[in-house]
Protein chains: 2
Amino acid sequence: MGISIIDLAKHCNLSVSTVSRALNNQYGVSEKARQKVLKAVDELRYVPNEGAKELVRKRSNVIGLILHGDDYEVEPAFLHHLPYINQVLNEAGKDTMIQTISRVNYHSGELQQFIQKRNFEGCIIFPGFLKGHPIFDDVLKIKTPVVVLEEEIEAPHCSSINTDEILGGELATEHLILSGHKHIGFINGLGFIHISNLRFQGYKKALEKHGIPYNQEYVMESNYKGEGGAEASTELLQRNPEITAIFFANDVMAMGAISNLSKRNIAVPQDISIVGYDGHRLSQFYNPPLTTIQIQYKEIGGKAAHALLELIEGRQGKSVSIVPRLLKRESVKRIDY
Amino acid sequence: MGISIIDLAKHCNLSVSTVSRALNNQYGVSEKARQKVLKAVDELRYVPNEGAKELVRKRSNVIGLILHGDDYEVEPAFLHHLPYINQVLNEAGKDTMIQTISRVNYHSGELQQFIQKRNFEGCIIFPGFLKGHPIFDDVLKIKTPVVVLEEEIEAPHCSSINTDEILGGELATEHLILSGHKHIGFINGLGFIHISNLRFQGYKKALEKHGIPYNQEYVMESNYKGEGGAEASTELLQRNPEITAIFFANDVMAMGAISNLSKRNIAVPQDISIVGYDGHRLSQFYNPPLTTIQIQYKEIGGKAAHALLELIEGRQGKSVSIVPRLLKRESVKRIDY
DNA sequence: GTGAAAGCGCTAACAA
DNA sequence: TTGTTAGCGCTTTCAC
C-alpha cells in the first residue's frame, strides 16, 4: 500500500497532525509548512487512503447504486439513467458503488446490510423493482438518505423522481386524436407494473378530453417485449379492423409490431399509425422514424443525483415530477374524416 | 454507525478476537462460542464494517470499473457489458466501484490515484478509450491487476478480452457474397478507432477469399451515428449505382441508412441488402429485422470478470478472443446473377 | 502554529 | 480455546 501520511510527515519534518491539517486546507498551518507538504505530496505521489479517512470521519463519501440483478435479456431500464447519475455524483466528489439486488430472492434487511457494510452515505434505487417489493419497506425503516427512481415513496429521508406517466400517455394518445384518428388501440405492458397503469390512465384521459368513447375492446395487455407487441397488435387489428392507430406502452413493442406488420404488408404509417413510449435512442432511426414519448433520462439522472446530495446535506425529502415530451416523427399519418 | 465487534463481544462475554475468529469461520473457536456469536449477530443485527477490515487486511475486495465520462449522446459501448460484469463480480463477493474518467482531459497518473484512493484490488477498463490513450501507459506502470475490454494490452498483471473483429467483418461480408452479391459497399466508422480498421480488414479478407477484387470506391468512412450512416450510404449509392449490398460497421449506421433509404423509396432488402454490426438488442425488431454480427456481451462480461479474478489470485495475464456470430435475418436478399 | 496521543472497527500476532 | 494488544491510515481533541 503506497506511502502514508506518516511517511509524508517524516519527509517534511513535520508532525502527522500538521500534515493532515495542511492536506485538508485547515486553518492554523503556516504557509511555509503548507508548501512543504504540497511539494512532498507531488514528489512522493501521496494519495490519501479514503478508507482510513472514512473510519475516523464516519462518513464514507460513497453512494450505493442499487440495481436489480435478475435477467438482462430485456434491456434493463436502469442503464439509461446510470451514466448520467454517476457522472453528476462523481463530479460532486462522491464515489459510487454498484449493488446488485435480486428482485425475486430479496430478504428483508438486505438493503440495510449493504448500506452498513460499506457505510453508504445514501443510495439510489434504480427502476426495476415492483411497487410493493420488500426493498421499499426496508427503505422506510432506515434513516440513510435514499432516492427512488420511477416509484413513489414518502419519508423525510427519501426523495423520488418520477416521470409524469399519465401525461405521457395523454400526449401520445392526444397526438393520435389530433391527427384525426378516432379508433385508437392501446397495447399496454404488464399490468402489475405500476407505470403500465399510469400510461393507461393517460390514454383514457385523452380520449375523454376529446369526447371519444372508451372502448375496452381496443385495449390489450402485453409484456413490453418485441414479440409481445407483434402478437398483441395482430390480434387487436384482427378483432377490430376499424382501428387506424395504436399507442404502445413502450418503443420495443411498437418496433416489434411494425416489423411484424410490415411482413404482412401492412405499412406504417400508410395503413396504420403507431406511437411508442420511451424515446429510445434508436427510435429516430427506426423505419419509419418512430413517434414516441421521450423520457428525459438525463434530466431524471441529474435531478436524482442532486436530490440525493440535498438529502445528505440534511434537507427534507421531496418528490420531483419530470415532464415527458412528445417526439413527432413519421409513424403517424394525419387522416381526414 | 451501527454496532461494532466490541459491542458484539461484550454481549457475548467473549473477547473481540474470539468473536472475530468466529465471524471469519476460523479454527480454534468452540462450537458453543461460535453459536453464541452467530446468535448475537442476528439479535443485534451486526454488520461488519468492510472499510475497517480493509484497513488491516490491506485488501479491499473492491474492483474499480473504469468508464469514460465525456458524452453520452451516442449510446456508450460500456453499457452493454456493465451489468454482466458486475453481476459476476458481485457473486464472487467483490464490490464494484464506478470511476468515470475523461477521455479528453486525462492527466497521467490519474488511474493510479483512483486505485490507491480506494485501494482497488483490480480494475476493468471499459471500451471507449482510444488506442494510445494515456490511460494505457498508466496501466503498464502499475502492478494492480487490470482487465481491458476491446483493446489489446500485454503485461503479466493485465488481461484483455477482445472480440475477433476481423472475423466479424469477414462473416458479414462473406454472408453477402454467399447471397450472390458482387458489388458490396462498406461504410466504416471513424478511422482512428481501432475496431474500425479490424472490421475493414475482415471486409477485405472476405472479398479476397472469394476472388472479388477490392474496390476502394466502395468504401467510405462515417461516424458510427445514424445520420452518418444515412449520408454515407446516399453518397455511396449515388456514386456507385451498381452496388447491391452494404456492410455497415455498426447497427446504428445501418438503421439510419435503412430509415433514410426507405424515405426515398429504396427498399431493404428488395432494392439493396444491408448487414450491420453489434447485434444490438433492437436489431431483431427492426423493419426489416437486421442481419448483423452479434457481439457476445454476456460472454465477454463473464470472461472479463473471471480473468480479473484470476489475476487477483496471482495468475499471469492472458489475452482472450471471443468469436462473434452472424445473425441471419431479413435485411439481406439472395440474388442470382 | 505545531505536536502527542487517542481512537475509528477490525485482524492477527502473541500469550496464556 | 480464549484473551491481550499492536497497529492499519487517518482525523481530531488537547496541550504546548
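In what follows, chains carry the letters A, B, and so on, assigned in the order in which the sequence lines appear, proteins first and then strands, with residues in each chain numbered from 1.
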Regarding C/dA4, can its base be found pairing with the side chain of A/Ser17 as donor and acceptor, where the two atoms are less than 3.5 Å apart?
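Flag set: donor-acceptor pair detected.
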Please step through ring-ring contact (aromatic ring centres under 6.0 Å, His included) for the pair B/Tyr84 and B/Tyr297, ending with a clear verdict.
CA-CA 8 Å; B/Tyr84 298 118; B/Tyr297 296 111; 7.9 Å; no
For atom [atom1] of [X] and atom [atom2] of [N], their distance in whole Å:
X	N	atom1	atom2	value
B/Leu8	C/dT11	CG	C1'	15 Å
A/Arg57	C/dA6	CZ	C1'	18 Å
B/Ile6	C/dG9	CD1	P	7 Å
A/Glu31	C/dG1	CD	C1'	13 Å
B/Arg59	C/dC10	CZ	P	17 Å

Look at A/Asp138 together with A/Lys141 and state whether they make a salt bridge at an N to O cut-off of under 4.0 Å.
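Result for this pair is yes, salt bridge flagged.
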Quick test of your reading of the model: are A/Arg59 and A/Glu121 salt-bridged, counting only N-O distances below 4.0 Å?
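Answer for the salt bridge query: yes.
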From the set [options], return the single nucleotide nearest to any side-chain atom of [X].
X	options	result
B/Ser4	C/dT11, C/dT2, C/dC10	C/dC10
B/Leu55	C/dT11, C/dA13, C/dG9	C/dG9
B/Ala52	C/dG3, C/dT11, C/dG9	C/dG9
A/Ser15	C/dT11, C/dC14, C/dT2	C/dT2

Does anyone know the first and last nucleotide of DNA chain D in reach of chain B, 5' to 3', at under 4.0 angstrom to a heavy atom?
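So the contact region on DNA chain D extends D/dT1 to D/dG9.
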Show your working on side chain to side chain donor-acceptor pair (under 3.5 Å) between A/Asn49 and A/Glu54 and close with a plain yes or no.
CA-CA 9 Å; A/Asn49 178 328; A/Glu54 180 178 332; over 6 Å; no
B/Tyr27 side chain near C/dA12 phosphate (N/O to OP1/OP2, under 4.0 Å)
no
Relative to the ring of A/Phe136, is the ring of A/His133 parallel (under 30°), tilted (30 to 60°) or perpendicular (over 60°)?
perpendicular
Hey, does B/Gln26 reach any base, or is it just sugar-phosphate, or nothing, if we go heavy atoms under 4.0 Å?
sugar-phosphate
Which part of the nucleic acid, if any, lies within contact of A/Ser20, taking any heavy atom under 4.0 Å across all strands shown: a base, the sugar-phosphate backbone alone, or nothing?
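Base contact.
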Tell me whether A/Glu43 at atom CD has more than 12 heavy atoms from other residues, nucleotides or ligands lying less than 6.0 Å away.
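More than 12 heavy atoms, drawn from other residues, nucleotides or ligands, come within 6.0 Å of this atom.
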Using a 3.5 Å cut-off and no angle test, enumerate the donor-acceptor pairs between side-chain atoms of residues 311-320 of chain A and protein atoms at least two apart in sequence or in another chain.
residue	atom	partner	partner atom	Å
A/Lys318	NZ	A/Glu310	OE1	3.2

